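Since the structure is predicted, the reported quantities are computational estimates derived from the model, not experimental observations.
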Amino acid sequence: MSDKEKDKKKKADSYGADQIQVLEGLEAVRKRPGMYIGTTDVAGLHHLIWEIVDNAIDEAMAGHCENIIVSLNKDGSCSVHDDGRGIPVDKQKQTGLSALETVLTVLHAGGKFGEEGGYKVSGGLHGVGVSVVNALSDLLVAEVHRNGKIYTQKYSQGEPLSGLEETGKSDVTGTKITFTPDKGMFETVEFDYETVKSRLRQQAYLTKGVKIKIIDERFDKKYKFYFEGGIKSYVQHINKNKESIGSVIYIDKEVPEGNVEISLQYTESYQEHMFTFANNIHTTEGGMHLTGFRTALTRTINSYARKKGILKEKDNNLTAEDVREGLTAVISVKLTDPQFEGQTKSKLGNAEMRTAVENVFGELFYEFLEENPGDGQTIIAKCSLAARARIAAKAARETVIRKGALEGMTLPGKLADCSSKDPSKCELYIVEGDSAGGSAKQGRDRMFQAILPLRGKILNVEQARMDRILANNEIKSTIIALGVGFGETFDIERLRYHRIVIMTDADVDGAHIRTLLLTLFYRHFKPLVELGHIYSAQPPLYKLSQGKKSVYCYTEDEKEAALKEFKGESKVGIQRYKGLGEMNPDQLWNTTMDPEKRTLLKVTIDDAEAADAIFDTLMGAEVLPRKKFIQTHAKNVKNLDI
Ligand code: 28F
């Protein structure tokens, strides 16, 4: 028996009933990892990092930690390091183990044995505890600097490989956890720098004053976040590429129910950008804090506008919709016992937070308007304009609907519809350009494939209001073809095709058009994305031929591999497809449309916030970052073979 095994055995022998319970706990995690971290795909993998970082953030929120470093190591492991107090190492009554080992081996221990008072990130939505990370790691090394010493303990798949050891002296304090995810537990074990970075950015905004650093040792990249202004900086970041109206308003108040922090600023854009958090957890479904905010926003703006005589007695009140147009706001509340509800457990249920936010925000926002009459004026002007536009848009919409255009009675002339009327079998190809549209019409299986060619670029819906969106011909054709209506008449039951395939050229312009379409779907037909009806076609980039043999290549890598295959023999012909229009109908069918052979990428939104951020980046005014983004991420959607 090796020393390691002996050690393990000794440890196992000394385990009492409690500890067996402990092992069973983590056994359950390994049996059904999805129950604890949601999924075992790349999202689940990153969940491991969030778990550990959350604990470091808790230590920062408690006021004991200033620096957090996350490092993605060359050997595939991830380290998280904080300069907090260090996880205690003294023995715990409840378990007979050190506090460190308890936290690392007992499910939910962090919450259960945590200190009283204070707000915690962990223990919330995804706060399943570090023990889950431990259970799903091939190796986990915990290093604690505390009491002038360094303590180290190693684990594998949740089981300690040895006892807690003193491995040195230290004149600082802190906790460092390094873990190597278990390959057998995940579809992929490769961490993504950008994913980690954007999450850390968000956490840095939400935790005023903390410095968070990410280091990617694999690709030699690093980044540091520090936002003195907290969520005020967050709002500035979101509005960076937008034309702002008035200054950034910031409110931070501790009340008996918890802490209320709100930042907002209006912009000339027509969209609302609203992000809400409870204990740093993104509440994508909103909840009580959001309800309280909305109520107070509408009420305050109306009463201010009436007091200043901008709204006259005969005028109608501005609606909730009017005061939301162009608003960017971040709401972050902290409370001791957050209740998360809703389909994805991301809706704050604590009713006391509604009144808390309503009162705090109502009072302080009114005060702000009184003290900054210039801002008050422009905000009211913006909201009044939104009200007039709303009334105009409603009239425009009614006209369109009255004419029956959106009811599907007059399908657009450009649409080559399919003969089947069973939506579950039907596909709509939205094709870039008339010439590619022509090839697609000839190449398709007209039984179930419909073709809608779009000419040029469609309108950027992020920057346009409802009435203009509906006046755009390309968009109108698309909406009519889909059959689901628009706005309040939207009805998913009337969807005419269950697969909507965006087919654009495999170049930057094609990616841009796809993005514009995705923005349209995301902003105005969200259920289509959520229910997985939207796909992106994958046309080939190259055709390589040698004698009678030819292959299509869809990526640069595939091309390189194919070239190697061909090597040695006679000359290889390389045809690069710059656009779909260069393919004849047969080729288009064989490479991109034939269900037997094609690859479709399903467009999903499993993280609405990430998607929203993506659309923000893409639609912002700066051209350079936008292009770069499209080039690196255009194909970054989930793979699904059909
Ligand atoms: C790399 C990830 O996990 N940091 C942490 C602390 C500090 C304390 C703590 C954590 C005490 C008994 C549960 C220290 N001193 N970074 C981290 N830093 N946990 S996790 O306490 C945990 C509880 O069991 C800490 C005094 N009180 C708390």
Side-chain angles (χ1 to χ4, degrees), residues 205 208 227-240 242-277 286 288-334 353-391 465:
Y205 280 129
K208 231 191 292 186
F227 302 113
E228 224 179 318
I231 60 168
K232 185 176 178 180
S233 311
Y234 201 171
V235 168
Q236 279 163 344
H237 169 74
I238 297 167
N239 286 352
K240 178 173 73 204
K242 301 180 172 66
E243 226 174 289
S244 59
I245 295 176
S247 46
V248 184
I249 302 162
Y250 177 75
I251 282 160
D252 187 11
K253 193 168 178 180
E254 188 83 28
V255 289
E257 296 86 355
N259 192 78
V260 177
E261 196 184 357
I262 296 172
S263 184
L264 68 152
Q265 184 183 38
Y266 277 92
T267 71
E268 296 286 2
S269 110
Y270 305 112
Q271 297 295 335
E272 181 194 36
H273 296 266
M274 184 90 229
F275 299 92
T276 66
F277 301 85
M288 293 298 174
H289 48 347
L290 178 60
T291 309
F293 171 81
R294 292 218 161 120
T295 309
L297 182 75
T298 314
R299 198 187 52 215
T300 308
I301 288 186
N302 275 301
S303 61
Y304 176 81
R306 286 205 186 275
K307 186 172 173 221
K308 297 286 154 201
I310 310 170
L311 267 186
K312 304 279 188 289
E313 215 168 305
K314 61 173 171 50
D315 294 332
N316 283 329
N317 260 357
L318 297 162
T319 67
E321 202 185 320
D322 300 335
V323 299
R324 281 162 59 179
E325 189 182 285
L327 175 71
T328 296
V330 177
I331 301 172
S332 170
V333 298
K334 306 260 166 70
M353 264 299 144
R354 192 187 62 221
T355 33
V357 173
E358 194 179 321
N359 294 337
V360 168
F361 179 62
E363 186 190 325
L364 296 178
F365 184 44
Y366 199 90
E367 228 168 71
F368 171 88
L369 293 174
E370 286 278 12
E371 285 164 16
N372 301 274
D375 283 32
Q377 283 272 336
T378 50
I379 290 173
I380 307 290
K382 162 77 181 171
C383 298
S384 308
L385 186 64
R388 289 199 296 279
R390 169 175 54 83
I391 293 159
R465 229 185 229 130

Practice task
Check whether the side chains of T328 and N239 place a donor and an acceptor atom closer than 3.5 Å, and report yes or no.
Solution key: yes
Exercise for the section: Indicate whether the side chain of E325 and that of Y266 have a donor and an acceptor atom separated by less than 3.5 Å. Expected result: no
Enter the distance from [X]:[atom1] to [Y]:[atom2] here, rounded to the nearest 0.5 Å.
X: F365; Y: I301; atom1: CZ; atom2: CD1; answer: 4.5 Å
X: L297; Y: L290; atom1: CG; atom2: CG; answer: 10.5 Å
X: L264; Y: I249; atom1: CG; atom2: CD1; answer: 4.0 Å
X: Q265; Y: Y250; atom1: CD; atom2: OH; answer: 15.0 Å
X: N316; Y: I391; atom1: CG; atom2: CD1; answer: 7.5 Å
X: I262; Y: T276; atom1: CD1; atom2: OG1; answer: 10.5 Å

Problem - F293: ring-ring contact (aromatic ring centres under 6.0 Å, His included) partners, not counting sequence neighbours - result: F361
Where do [X] and [Y] come nearest, in terms of heavy atoms and distance?
X: R306; Y: D315; result: NH2-O, 3.0 Å
X: A356; Y: V255; result: CB-CG2, 4.3 Å
X: K232; Y: S263; result: CA-OG, 3.4 Å
X: V357; Y: G292; result: CG1-C, 4.1 Å
X: S247; Y: F368; result: OG-CZ, 3.8 Å

Exercise for the section: Could you list the residues that satisfy salt bridge (charged side-chain N to carboxylate O under 4.0 Å, His left out) with E370, not counting sequence neighbours? Expected result: K307, K308
Exercise for the section: Could I get the full list of salt bridge (charged side-chain N to carboxylate O under 4.0 Å, His left out) partners for K253, not counting sequence neighbours? Expected result: none
Problem - side-chain contact (heavy atoms from CB on, under 4.5 Å) assessment of K382 paired with I379 - result: CA-CA 5 Å; K382 162 77 181 171; I379 290 173; 5.7 Å; no
Practice task
Check whether any side-chain heavy atom of M353 lies under 4.5 Å from a side-chain heavy atom of T291, and answer yes or no.
Solution key: no
Handout entry: Q377, CD atom: more than 12 neighbouring heavy atoms under 6.0 Å
Key = no
Practice task
Taking atom CD of E243 as the centre, report whether more than 12 heavy atoms of other residues, nucleotides or ligands fall under 6.0 Å from it.
Solution key: no
Donor-acceptor contact below 3.5 Å, side chain [X] vs main chain [Y]:
X: N317; Y: N302; answer: no
X: S303; Y: T300; answer: yes
X: E268; Y: I245; answer: no
X: T267; Y: G326; answer: yes

Exercise for the section: Give me the ring orientation class for Y205 and H237: parallel if the planes are under 30° apart, tilted from 30 to 60°, perpendicular past 60°. Expected result: tilted
Practice task
Measure the acute angle between the ring planes of Y234 and F275, then classify it against the limits of 30° and 60° as parallel, tilted or perpendicular.
Solution key: parallel
Practice task
State which residues pass side-chain contact (heavy atoms from CB on, under 4.5 Å) with K334; sequence neighbours excluded, sorted by chain then number.
Solution key: M61, Y119, N259, N279, N280, S332
Handout entry: S384: side-chain contact (heavy atoms from CB on, under 4.5 Å) partners, not counting sequence neighbours
Key = L318, I380, R388
Fill in the blank from the handout: Here the salt bridge (charged side-chain N to carboxylate O under 4.0 Å, His left out) pairs for residues 288-300, sequence neighbours left out, are E272-R294, R299-E358
Practice task
Mind running side-chain contact (heavy atoms from CB on, under 4.5 Å) on E261 and V330 for me, showing each step along the way?
Solution key: CA-CA 8 Å; E261 196 184 357; V330 177; over 6 Å; no
